[in-house]
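Below is one structure; the comments refer to it alone.
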Amino acid sequence: MFDSAAQKEARGADHHSALERFEAVRRETEALAANLTPEDQSIQSMPDVSPTKWHLAHTTWFFETFILTRFDADYQVFDPAFAYLFNSYYEAAGPRHSRSERGLLSRPTVDIVAAYRDHVTAGMTRLIERAAEPAWSEVVPLLDLGVQHEQQHQELILMDIKHVFSLNPLLPAYQAPQLHVQAPAPPLVWVDFDGGLKEIGHQGADFAFDNETPRHKIWVEPFRLAARPVTCGEFLGFIEDGAYSRPEFWLSDGWATVCQRGWDAPLYWHREDGEWSIFTLSGRRRLNPGEPVCHVSFYEADAFAKWAGKRLPNEAEWEIAAEGAPISGNFADRRHFHPCADVSQASAGGVSLPRQMFGDVWEWTASPYIPYPRFRPAAGAVGEYNGKFMCNQMVLRGGAAVTPAGHVRATYRNFFPPSARWAFAGLRLAEDLG
Ligand SMILES: [Fe+2]
(Lines give C-alpha, C1' and ligand atoms only; values in the text may rest on other atoms or scores of the structure.)
Protein backbone atom coordinates (compact mmCIF):
# COMPACT_ATOMS: atom_id res chain seq x y z
CA MET A 1 0.00 0.00 0.00
CA PHE A 2 1.49 3.35 -1.06
CA ASP A 3 0.75 6.78 0.33
CA SER A 4 -1.22 9.11 -1.90
CA ALA A 5 0.46 12.33 -3.05
CA ALA A 6 -1.61 14.24 -0.47
CA GLN A 7 -0.50 11.88 2.31
CA LYS A 8 3.13 12.27 1.27
CA GLU A 9 2.79 16.04 1.29
CA ALA A 10 1.19 16.00 4.77
CA ARG A 11 3.99 13.78 6.07
CA GLY A 12 6.61 16.12 4.57
CA ALA A 13 4.99 19.12 6.27
CA ASP A 14 4.92 17.22 9.56
CA HIS A 15 8.67 16.50 9.36
CA HIS A 16 9.40 20.05 8.25
CA SER A 17 7.55 21.65 11.19
CA ALA A 18 9.22 19.22 13.64
CA LEU A 19 12.62 20.22 12.28
CA GLU A 20 11.75 23.90 12.64
CA ARG A 21 10.71 23.42 16.31
CA PHE A 22 13.90 21.50 17.02
CA GLU A 23 16.25 23.93 15.27
CA ALA A 24 14.60 26.98 16.86
CA VAL A 25 15.07 25.68 20.40
CA ARG A 26 18.72 24.70 19.79
CA ARG A 27 19.50 28.13 18.28
CA GLU A 28 17.85 30.01 21.15
CA THR A 29 19.77 28.12 23.85
CA GLU A 30 23.03 28.90 22.10
CA ALA A 31 22.03 32.56 21.72
CA LEU A 32 21.41 32.79 25.49
CA ALA A 33 24.84 31.31 26.23
CA ALA A 34 26.57 33.59 23.71
CA ASN A 35 26.65 36.47 26.27
CA LEU A 36 28.80 34.38 28.61
CA THR A 37 32.51 33.63 28.75
CA PRO A 38 33.77 30.04 29.21
CA GLU A 39 34.60 31.00 32.83
CA ASP A 40 31.03 32.27 33.41
CA GLN A 41 29.68 29.02 31.99
CA SER A 42 31.56 26.78 34.42
CA ILE A 43 30.46 28.13 37.83
CA GLN A 44 27.98 26.49 40.20
CA SER A 45 27.10 28.98 42.96
CA MET A 46 24.90 26.64 45.05
CA PRO A 47 23.60 23.05 44.73
CA ASP A 48 20.36 24.21 43.02
CA VAL A 49 22.32 26.10 40.35
CA SER A 50 23.94 24.30 37.42
CA PRO A 51 26.71 25.75 35.25
CA THR A 52 25.55 27.02 31.85
CA LYS A 53 27.89 24.50 30.23
CA TRP A 54 26.08 21.69 32.04
CA HIS A 55 22.67 22.93 30.81
CA LEU A 56 24.02 23.04 27.24
CA ALA A 57 25.26 19.46 27.52
CA HIS A 58 22.36 18.00 29.53
CA THR A 59 19.67 19.19 27.06
CA THR A 60 21.78 17.54 24.34
CA TRP A 61 22.11 14.32 26.35
CA PHE A 62 18.30 14.23 26.57
CA PHE A 63 17.91 14.05 22.76
CA GLU A 64 20.82 11.61 22.45
CA THR A 65 19.58 9.25 25.17
CA PHE A 66 15.84 9.23 24.69
CA ILE A 67 15.71 9.54 20.88
CA LEU A 68 18.92 9.00 18.90
CA THR A 69 20.23 5.87 20.62
CA ARG A 70 16.75 4.32 20.46
CA PHE A 71 15.59 5.22 16.96
CA ASP A 72 18.73 5.60 14.83
CA ALA A 73 20.69 2.34 14.49
CA ASP A 74 23.53 4.20 12.73
CA TYR A 75 23.94 6.88 15.41
CA GLN A 76 27.40 7.03 17.00
CA VAL A 77 27.40 8.20 20.63
CA PHE A 78 29.61 11.32 20.93
CA ASP A 79 31.33 10.25 24.16
CA PRO A 80 30.08 7.34 26.29
CA ALA A 81 31.30 9.14 29.48
CA PHE A 82 28.74 11.89 28.94
CA ALA A 83 25.90 9.54 29.94
CA TYR A 84 27.28 9.69 33.49
CA LEU A 85 28.13 13.41 33.48
CA PHE A 86 24.94 14.79 31.98
CA ASN A 87 22.13 12.56 33.25
CA SER A 88 20.25 14.78 35.71
CA TYR A 89 17.97 12.51 37.70
CA TYR A 90 16.80 9.58 35.52
CA GLU A 91 17.31 6.38 37.52
CA ALA A 92 16.25 4.32 34.50
CA ALA A 93 19.05 5.92 32.44
CA GLY A 94 21.77 4.75 34.83
CA PRO A 95 24.15 6.23 37.44
CA ARG A 96 25.11 9.92 37.34
CA HIS A 97 27.47 12.58 38.59
CA SER A 98 26.41 14.28 41.82
CA ARG A 99 24.19 17.31 41.26
CA SER A 100 26.03 19.44 43.80
CA GLU A 101 29.38 18.78 42.08
CA ARG A 102 28.53 19.95 38.59
CA GLY A 103 30.68 23.04 39.14
CA LEU A 104 33.79 20.87 39.49
CA LEU A 105 33.75 19.90 35.83
CA SER A 106 36.41 22.03 34.15
CA ARG A 107 36.38 19.25 31.52
CA PRO A 108 34.75 18.77 29.09
CA THR A 109 35.46 22.34 28.02
CA VAL A 110 32.88 24.73 26.59
CA ASP A 111 34.31 23.99 23.11
CA ILE A 112 33.84 20.24 23.53
CA VAL A 113 30.28 20.79 24.77
CA ALA A 114 29.65 22.94 21.66
CA ALA A 115 30.97 20.08 19.49
CA TYR A 116 28.68 17.66 21.39
CA ARG A 117 25.72 19.91 20.67
CA ASP A 118 26.61 20.10 16.96
CA HIS A 119 26.99 16.31 16.77
CA VAL A 120 23.59 15.63 18.34
CA THR A 121 21.87 18.44 16.43
CA ALA A 122 23.18 16.94 13.17
CA GLY A 123 22.06 13.45 14.23
CA MET A 124 18.60 14.68 15.18
CA THR A 125 18.27 16.62 11.91
CA ARG A 126 19.08 13.46 9.96
CA LEU A 127 16.60 11.44 11.97
CA ILE A 128 13.80 14.00 11.64
CA GLU A 129 14.32 14.18 7.88
CA ARG A 130 14.46 10.42 7.34
CA ALA A 131 12.43 8.68 10.05
CA ALA A 132 9.54 6.63 8.72
CA GLU A 133 6.56 5.01 10.35
CA PRO A 134 6.11 3.34 12.76
CA ALA A 135 9.16 4.92 14.48
CA TRP A 136 8.16 8.48 13.52
CA SER A 137 4.97 8.30 15.60
CA GLU A 138 7.09 7.41 18.62
CA VAL A 139 9.77 10.01 17.88
CA VAL A 140 7.45 13.02 17.61
CA PRO A 141 6.13 13.08 21.22
CA LEU A 142 9.67 12.54 22.54
CA LEU A 143 11.00 15.27 20.24
CA ASP A 144 8.37 17.68 21.54
CA LEU A 145 9.20 16.69 25.12
CA GLY A 146 12.88 17.34 24.35
CA VAL A 147 12.06 20.76 22.88
CA GLN A 148 9.93 21.73 25.90
CA HIS A 149 12.63 20.34 28.21
CA GLU A 150 15.27 22.49 26.53
CA GLN A 151 13.00 25.54 26.91
CA GLN A 152 12.81 24.83 30.65
CA HIS A 153 16.59 24.78 30.75
CA GLN A 154 16.74 28.09 28.85
CA GLU A 155 14.92 29.62 31.81
CA LEU A 156 17.26 27.80 34.20
CA ILE A 157 20.31 29.18 32.37
CA LEU A 158 19.06 32.73 33.08
CA MET A 159 18.00 32.01 36.69
CA ASP A 160 21.27 30.29 37.43
CA ILE A 161 23.63 32.83 35.87
CA LYS A 162 21.81 35.61 37.75
CA HIS A 163 22.63 33.83 41.01
CA VAL A 164 26.23 33.24 39.90
CA PHE A 165 26.74 36.92 38.99
CA SER A 166 24.99 38.14 42.16
CA LEU A 167 27.76 36.54 44.25
CA ASN A 168 30.55 38.25 42.31
CA PRO A 169 31.52 41.56 44.00
CA LEU A 170 31.90 43.06 40.52
CA LEU A 171 28.16 42.40 39.96
CA PRO A 172 28.59 41.59 36.26
CA ALA A 173 25.64 42.34 34.00
CA TYR A 174 24.42 39.54 31.73
CA GLN A 175 23.19 42.14 29.25
CA ALA A 176 23.16 45.92 28.74
CA PRO A 177 20.76 47.99 30.89
CA GLN A 178 17.18 47.87 29.61
CA LEU A 179 14.78 50.76 29.40
CA HIS A 180 12.26 50.50 32.23
CA VAL A 181 9.56 52.79 33.51
CA GLN A 182 10.05 53.90 37.13
CA ALA A 183 6.46 54.00 38.36
CA PRO A 184 4.46 53.99 41.58
CA ALA A 185 2.39 50.89 42.34
CA PRO A 186 -0.88 51.14 40.42
CA PRO A 187 -4.03 50.95 42.59
CA LEU A 188 -5.13 47.44 43.49
CA VAL A 189 -8.32 46.33 41.73
CA TRP A 190 -10.12 43.03 42.39
CA VAL A 191 -11.93 40.68 40.03
CA ASP A 192 -14.78 38.47 41.32
CA PHE A 193 -15.33 34.83 40.33
CA ASP A 194 -18.32 32.54 40.90
CA GLY A 195 -17.93 29.34 42.84
CA GLY A 196 -19.33 25.93 41.88
CA LEU A 197 -18.30 22.75 40.17
CA LYS A 198 -15.46 23.60 37.74
CA GLU A 199 -12.90 21.72 35.66
CA ILE A 200 -9.13 22.19 35.55
CA GLY A 201 -6.28 20.38 33.85
CA HIS A 202 -5.16 19.83 30.27
CA GLN A 203 -7.25 18.09 27.64
CA GLY A 204 -6.69 17.77 23.91
CA ALA A 205 -3.98 17.01 21.39
CA ASP A 206 -1.71 20.01 22.00
CA PHE A 207 1.49 19.47 23.98
CA ALA A 208 1.20 19.43 27.77
CA PHE A 209 3.31 17.82 30.48
CA ASP A 210 1.85 14.73 32.11
CA ASN A 211 1.49 16.59 35.44
CA GLU A 212 -1.22 18.82 33.88
CA THR A 213 -3.45 15.82 33.27
CA PRO A 214 -6.08 14.51 33.50
CA ARG A 215 -8.67 17.26 33.31
CA HIS A 216 -10.96 16.78 36.28
CA LYS A 217 -13.77 18.32 38.27
CA ILE A 218 -13.13 20.43 41.31
CA TRP A 219 -15.34 22.37 43.73
CA VAL A 220 -14.51 26.06 44.12
CA GLU A 221 -16.02 28.58 46.55
CA PRO A 222 -16.67 32.13 45.26
CA PHE A 223 -13.43 34.14 45.35
CA ARG A 224 -11.75 37.36 44.30
CA LEU A 225 -8.38 37.69 42.66
CA ALA A 226 -6.16 40.78 42.55
CA ALA A 227 -6.01 42.21 39.04
CA ARG A 228 -2.22 42.37 39.19
CA PRO A 229 0.71 40.79 41.08
CA VAL A 230 2.00 42.30 44.34
CA THR A 231 4.48 45.10 43.60
CA CYS A 232 7.87 45.96 45.07
CA GLY A 233 6.29 49.08 46.59
CA GLU A 234 3.74 46.96 48.46
CA PHE A 235 6.39 44.52 49.57
CA LEU A 236 8.43 47.44 50.90
CA GLY A 237 5.45 48.20 53.18
CA PHE A 238 5.72 44.65 54.55
CA ILE A 239 9.44 45.13 55.22
CA GLU A 240 9.01 48.59 56.77
CA ASP A 241 6.29 47.23 59.07
CA GLY A 242 8.93 44.89 60.53
CA ALA A 243 7.19 41.78 59.19
CA TYR A 244 10.48 39.87 58.79
CA SER A 245 10.83 40.00 62.58
CA ARG A 246 7.18 39.28 63.47
CA PRO A 247 6.51 35.53 63.74
CA GLU A 248 2.72 36.01 63.75
CA PHE A 249 2.68 36.26 59.92
CA TRP A 250 4.83 33.21 59.22
CA LEU A 251 4.31 29.48 58.85
CA SER A 252 6.44 27.58 61.38
CA ASP A 253 8.84 26.29 58.69
CA GLY A 254 8.96 29.75 57.14
CA TRP A 255 9.81 31.45 60.42
CA ALA A 256 12.55 28.87 61.10
CA THR A 257 13.99 29.58 57.63
CA VAL A 258 13.87 33.37 58.13
CA CYS A 259 15.76 32.99 61.43
CA GLN A 260 18.30 30.48 60.10
CA ARG A 261 19.14 32.36 56.91
CA GLY A 262 18.77 35.88 58.28
CA TRP A 263 16.30 36.94 55.57
CA ASP A 264 15.13 40.56 55.79
CA ALA A 265 14.17 41.26 52.15
CA PRO A 266 13.66 39.33 48.88
CA LEU A 267 16.72 37.79 47.24
CA TYR A 268 18.79 40.33 45.23
CA TRP A 269 17.48 43.33 47.24
CA HIS A 270 20.16 45.55 48.71
CA ARG A 271 19.92 48.55 51.04
CA GLU A 272 22.57 51.25 51.24
CA ASP A 273 22.18 54.66 52.89
CA GLY A 274 18.44 54.09 53.20
CA GLU A 275 18.07 53.46 49.43
CA TRP A 276 16.95 50.08 48.08
CA SER A 277 18.43 48.67 44.90
CA ILE A 278 17.99 45.30 43.21
CA PHE A 279 20.31 43.14 41.16
CA THR A 280 19.00 42.23 37.71
CA LEU A 281 20.38 40.47 34.65
CA SER A 282 21.09 43.99 33.37
CA GLY A 283 23.09 44.90 36.50
CA ARG A 284 22.12 46.60 39.74
CA ARG A 285 19.59 49.42 39.70
CA ARG A 286 17.25 51.42 41.91
CA LEU A 287 14.19 49.57 43.20
CA ASN A 288 11.13 50.28 41.07
CA PRO A 289 8.05 50.35 43.37
CA GLY A 290 5.61 49.73 40.52
CA GLU A 291 7.06 46.47 39.20
CA PRO A 292 6.00 43.03 40.47
CA VAL A 293 8.03 41.80 43.43
CA CYS A 294 10.26 38.89 42.43
CA HIS A 295 12.59 36.34 44.04
CA VAL A 296 10.48 35.65 47.09
CA SER A 297 10.02 32.19 48.58
CA PHE A 298 6.63 30.58 49.15
CA TYR A 299 7.12 31.39 52.84
CA GLU A 300 7.53 35.11 52.11
CA ALA A 301 4.61 35.11 49.67
CA ASP A 302 2.38 33.45 52.26
CA ALA A 303 3.54 35.78 55.06
CA PHE A 304 2.94 38.84 52.88
CA ALA A 305 -0.61 37.65 52.12
CA LYS A 306 -1.31 37.15 55.83
CA TRP A 307 0.17 40.58 56.65
CA ALA A 308 -2.10 42.09 53.98
CA GLY A 309 -5.15 40.33 55.47
CA LYS A 310 -5.55 38.21 52.32
CA ARG A 311 -4.36 34.80 51.12
CA LEU A 312 -2.66 33.16 48.15
CA PRO A 313 -4.97 31.72 45.48
CA ASN A 314 -5.02 27.95 45.11
CA GLU A 315 -4.05 26.58 41.72
CA ALA A 316 -7.65 25.86 40.67
CA GLU A 317 -8.63 29.48 41.33
CA TRP A 318 -5.62 30.70 39.38
CA GLU A 319 -6.38 28.43 36.42
CA ILE A 320 -10.07 29.36 36.30
CA ALA A 321 -9.12 33.04 36.28
CA ALA A 322 -6.51 32.51 33.55
CA GLU A 323 -8.68 30.40 31.26
CA GLY A 324 -9.43 32.28 28.09
CA ALA A 325 -6.92 35.06 28.82
CA PRO A 326 -4.46 35.64 25.97
CA ILE A 327 -1.14 33.95 26.68
CA SER A 328 0.91 37.03 26.07
CA GLY A 329 3.03 39.18 28.29
CA ASN A 330 6.58 39.90 29.37
CA PHE A 331 8.29 36.65 28.40
CA ALA A 332 11.92 35.96 27.46
CA ASP A 333 11.42 36.97 23.82
CA ARG A 334 11.14 40.61 24.98
CA ARG A 335 14.68 40.35 26.34
CA HIS A 336 13.92 42.37 29.50
CA PHE A 337 14.63 39.26 31.63
CA HIS A 338 13.01 41.19 34.48
CA PRO A 339 9.39 41.83 35.52
CA CYS A 340 7.97 45.14 34.34
CA ALA A 341 5.44 47.57 35.81
CA ASP A 342 2.21 47.50 33.84
CA VAL A 343 1.83 51.26 33.61
CA SER A 344 -1.45 50.94 31.71
CA GLN A 345 -3.04 49.78 34.97
CA ALA A 346 -2.49 53.11 36.68
CA SER A 347 -5.98 54.16 35.71
CA ALA A 348 -7.55 50.69 35.70
CA GLY A 349 -11.05 50.89 37.09
CA GLY A 350 -13.65 48.14 36.75
CA VAL A 351 -11.35 45.64 35.05
CA SER A 352 -13.13 42.40 34.24
CA LEU A 353 -10.08 40.17 33.84
CA PRO A 354 -6.93 39.88 35.94
CA ARG A 355 -3.84 41.18 34.12
CA GLN A 356 -0.23 40.02 33.94
CA MET A 357 -1.35 36.43 34.60
CA PHE A 358 1.24 35.34 32.04
CA GLY A 359 4.86 36.47 32.06
CA ASP A 360 6.70 38.81 34.47
CA VAL A 361 6.74 36.54 37.56
CA TRP A 362 5.75 32.97 38.35
CA GLU A 363 2.97 33.23 40.94
CA TRP A 364 3.11 31.09 44.05
CA THR A 365 -0.16 29.34 44.79
CA ALA A 366 -1.39 27.85 48.05
CA SER A 367 -1.48 24.39 46.41
CA PRO A 368 0.94 21.59 47.16
CA TYR A 369 2.41 19.90 44.08
CA ILE A 370 0.56 16.59 44.13
CA PRO A 371 -0.89 14.38 41.38
CA TYR A 372 -4.29 15.22 39.95
CA PRO A 373 -6.95 12.54 40.52
CA ARG A 374 -6.28 9.54 38.23
CA PHE A 375 -2.85 10.90 37.18
CA ARG A 376 -0.68 8.42 35.27
CA PRO A 377 2.98 9.29 34.55
CA ALA A 378 4.19 8.91 30.96
CA ALA A 379 5.48 5.41 30.10
CA GLY A 380 9.21 4.63 30.11
CA ALA A 381 12.18 6.57 31.50
CA VAL A 382 10.52 9.92 30.72
CA GLY A 383 7.87 8.95 33.29
CA GLU A 384 10.46 10.21 35.80
CA TYR A 385 10.13 13.71 34.33
CA ASN A 386 7.50 15.04 36.77
CA GLY A 387 5.70 12.44 38.86
CA LYS A 388 8.49 11.55 41.25
CA PHE A 389 8.80 15.16 42.46
CA MET A 390 5.23 15.33 43.77
CA CYS A 391 6.14 15.81 47.43
CA ASN A 392 7.24 18.79 49.53
CA GLN A 393 6.93 21.39 46.76
CA MET A 394 4.39 24.10 45.94
CA VAL A 395 2.76 24.94 42.59
CA LEU A 396 3.51 28.17 40.72
CA ARG A 397 1.61 29.41 37.68
CA GLY A 398 1.89 31.74 34.72
CA GLY A 399 5.55 31.96 33.63
CA ALA A 400 8.04 34.78 34.10
CA ALA A 401 10.17 37.30 32.22
CA VAL A 402 12.78 34.56 31.67
CA THR A 403 10.30 31.91 30.45
CA PRO A 404 10.35 31.28 26.69
CA ALA A 405 7.30 32.75 24.96
CA GLY A 406 4.89 29.98 23.97
CA HIS A 407 6.16 27.63 26.67
CA VAL A 408 3.37 28.05 29.25
CA ARG A 409 -0.41 27.66 29.24
CA ALA A 410 -3.25 28.22 31.72
CA THR A 411 -2.90 24.58 32.85
CA TYR A 412 0.94 24.66 33.23
CA ARG A 413 2.16 23.61 36.69
CA ASN A 414 5.60 24.72 37.77
CA PHE A 415 6.88 23.66 41.18
CA PHE A 416 9.60 24.59 43.66
CA PRO A 417 10.36 23.84 47.30
CA PRO A 418 8.78 26.48 49.59
CA SER A 419 12.15 27.97 50.56
CA ALA A 420 13.43 28.47 46.97
CA ARG A 421 14.08 32.10 46.03
CA TRP A 422 16.29 32.01 42.95
CA ALA A 423 13.34 31.37 40.59
CA PHE A 424 11.61 34.46 39.18
CA ALA A 425 8.71 34.00 41.60
CA GLY A 426 6.27 36.55 42.98
CA LEU A 427 2.65 36.44 44.08
CA ARG A 428 -0.89 37.65 43.53
CA LEU A 429 -3.42 38.03 46.33
CA ALA A 430 -6.80 36.32 46.65
CA GLU A 431 -9.66 36.44 49.12
CA ASP A 432 -12.90 34.64 49.83
CA LEU A 433 -16.17 36.08 48.56
CA GLY A 434 -19.18 35.88 50.88
FE1 LIG B 1 16.51 18.49 32.61
Side-chain angles (χ1 to χ4, degrees), residues 21-22 24-26 28-30 32-33 41-70 78 81-103 105 108 113 116-117 120-121 124 141-164 207-212 332 362 369 377-391 393 396 399-400 402-404 406-408 412-417 420 422-424:
R21 292 197 295 283
F22 174 74
V25 83
R26 302 292 282 174
E28 173 66 1
T29 307
E30 285 149 24
L32 291 174
Q41 295 190 40
S42 303
I43 295 183
Q44 179 171 35
S45 52
M46 64 167 171
D48 286 336
V49 160
S50 298
T52 308
K53 184 173 74 174
W54 187 90
H55 289 298
L56 292 169
H58 162 72
T59 46
T60 302
W61 167 86
F62 192 97
F63 287 113
E64 182 178 64
T65 304
F66 297 124
I67 300 181
L68 286 175
T69 57
R70 279 184 62 196
F78 182 81
F82 286 9
Y84 181 81
L85 290 182
F86 300 123
N87 176 2
S88 52
Y89 54 68
Y90 295 87
E91 299 291 342
R96 70 213 67 94
H97 184 61
S98 161
R99 181 182 186 188
S100 59
E101 295 181 356
R102 291 174 186 165
L105 302 175
V113 168
Y116 179 37
R117 284 186 68 86
V120 168
T121 296
M124 284 295 299
L142 289 168
L143 173 80
D144 281 325
L145 183 65
V147 166
Q148 299 286 328
H149 170 254
E150 185 148 342
Q151 287 186 325
Q152 292 183 318
H153 280 272
Q154 288 170 359
E155 175 164 346
L156 285 165
I157 285 172
L158 293 166
M159 277 163 63
D160 290 359
I161 202 66
K162 184 172 181 177
H163 191 262
V164 167
F207 179 87
F209 287 108
D210 57 0
N211 63 4
E212 300 166 55
W362 285 103
Y369 180 52
V382 294
E384 294 187 51
Y385 200 106
N386 284 307
K388 70 181 189 180
F389 299 109
M390 291 175 170
C391 179
Q393 311 211 52
L396 302 93
V402 286
T403 308
H407 181 67
V408 293
Y412 194 105
R413 306 174 82 199
N414 196 1
F415 52 92
F416 279 104
W422 97 113
F424 282 65

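One-based numbering, in listed order, for ligands and for the atoms of each. These values consider heavy atoms only, across backbone and side chains, with no hydrogens, waters or symmetry-generated copies.
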Q. Would you say the side-chain atoms of R70 and T65 include a donor-acceptor pair closer than 3.5 Å?
A. no
Q) Could you state the interatomic distance from CZ (F207) to NE2 (H407), rounded to the nearest 0.5 Å? A) 7.5 Å
(Q) Please report whether the ring centroid of F86 lies less than 6.0 Å from that of F62. (A) no
(Q) Suppose the cut-off is 2.8 Å; which protein N/O/S atoms would you list for the Fe ion (ligand 1)? (A) H58 NE2, H149 NE2, H153 NE2
Q. Do F415 and W362 make the cut of ring centroids closer than 6.0 angstrom?
A. no
(Q) Applying side chain to side chain donor-acceptor pair (under 3.5 Å), can you list everything that pairs with E212, at least two apart in sequence or on another chain? (A) R409, T411
Q. Side chains of S50 and R99: is there a donor and an acceptor less than 3.5 Å apart?
A. no
